[in-house]
S.K.: 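I have a structure here, written as structure tokens, and I will follow up with some questions on it.
Values below: all heavy atoms of this structure, side chains included; hydrogens, waters and symmetry mates excluded.
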Amino acid sequence: MSRAIDGSKRLNRRKKILKLAKGFRGRRSTNFKAAKDAVTQALSDSYVGRRDKKGTMRSLWISRLNAAVRNEGMSYSRFIDGLTKANVIINRKALSNMAIEDPAAFKAVVETAKKAVGA
């Protein structure tokens, strides 16, 4: 039996890869062989990136909290220690948003942490 080189399955597979490669530079966007490698790598990187983003966001929240807490005369580590001792369970994302959007409420949380640490 002869080999089918212009069948619909093959064409659809190539079209799918080239569609994913849209926007790539040079022949990586038009040449199937180059596009296949580029798309494979891009999909792999995007998978890793979605996981890395979680850690990046957490470090951003911690940086914001550190800056906000230092304005209140406390360090970040003492603040978190105080919250733990006071049994205040608020995640870093919520605390970061609170520091930006509602400074009065955040100040109250900082006072709670200060009392718990005894500073």
S.K.: Using the rule side chain to side chain contact (heavy atoms under 4.5 Å, CB included), only one of Thr84, Leu95, Val117 pairs with Phe79; which is it?
M.R.: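 Testing each of Thr84, Leu95, Val117 against Phe79, the sole residue satisfying side chain to side chain contact (heavy atoms under 4.5 Å, CB included) is Leu95.
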S.K.: Is it true that the side chains of Asp45 and Gln41 contain a donor and an acceptor less than 3.5 Å apart?
M.R.: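 Their side chains do contain a donor-acceptor pair, which is all the 3.5 Å distance test asks for.
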S.K.: Does CZ belonging to Arg25 count more than 12 external heavy atoms closer than 6.0 Å?
M.R.: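 Count not over threshold, so no.
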S.K.: Sorted by first residue and then second, give each salt bridge (Lys or Arg N to Asp or Glu O under 4.0 Å) pair with at least one member in residues 68-97; sequence neighbours left out.
M.R.: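 Those involving residues 68-97 are Asp81-Lys85.
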S.K.: Going by ring-ring contact (aromatic ring centres under 6.0 Å, His included), name the pairs with one or both residues in residues 43-73, residues two or more places apart or in two chains.
M.R.: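 Qualifying pairs: none.
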S.K.: For Lys36, is there any backbone N or O sitting under 3.5 Å from a side-chain donor or acceptor partner on Thr40?
M.R.: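 Side chain of Thr40 to backbone of Lys36: a pair is present.
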S.K.: Tell me, yes or no, whether the heavy-atom count around Lys54 atom NZ, taken from other residues, nucleotides or ligands under 6.0 Å, exceeds 12.
M.R.: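 Enclosed: over 12 neighbouring heavy atoms sit under 6.0 Å from NZ of Lys54.
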S.K.: Of all heavy-atom pairs between Ala21 and Ser29, which one has the smallest distance, and what is that distance?
M.R.: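 Heavy atoms of Ala21 and Ser29 come nearest at O-CB, 3.5 Å.
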S.K.: List the atom of Leu18, the atom of Thr30, and the distance in Å for their closest heavy-atom pair.
M.R.: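 That would be CD2-O, 3.7 Å.
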S.K.: Measure the spacing between CG of Leu60 and NZ of Lys53 and express it to the nearest 0.5 Å.
M.R.: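 If I round to the nearest 0.5 Å, the distance is 13.0 Å.
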S.K.: Among Arg27, Lys22, Arg28, exactly one meets side chain to side chain contact (heavy atoms under 4.5 Å, CB included) together with Phe24. Which residue is that?
M.R.: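 Answer to the side chain to side chain contact (heavy atoms under 4.5 Å, CB included) test with Phe24 among Arg27, Lys22, Arg28: Arg28.
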S.K.: Taking only residues two or more places apart in sequence or in another chain, which ones pass ring-ring contact (aromatic ring centres under 6.0 Å, His included) with Tyr76?
M.R.: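 Per chain and number, Tyr76 pairs via ring-ring contact (aromatic ring centres under 6.0 Å, His included) with no residue.
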S.K.: Would you say Ile89 has more than 12 foreign heavy atoms packed within less than 6.0 Å of its CD1?
M.R.: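 It does not: Ile89 CD1 has 12 such atoms or fewer within range.
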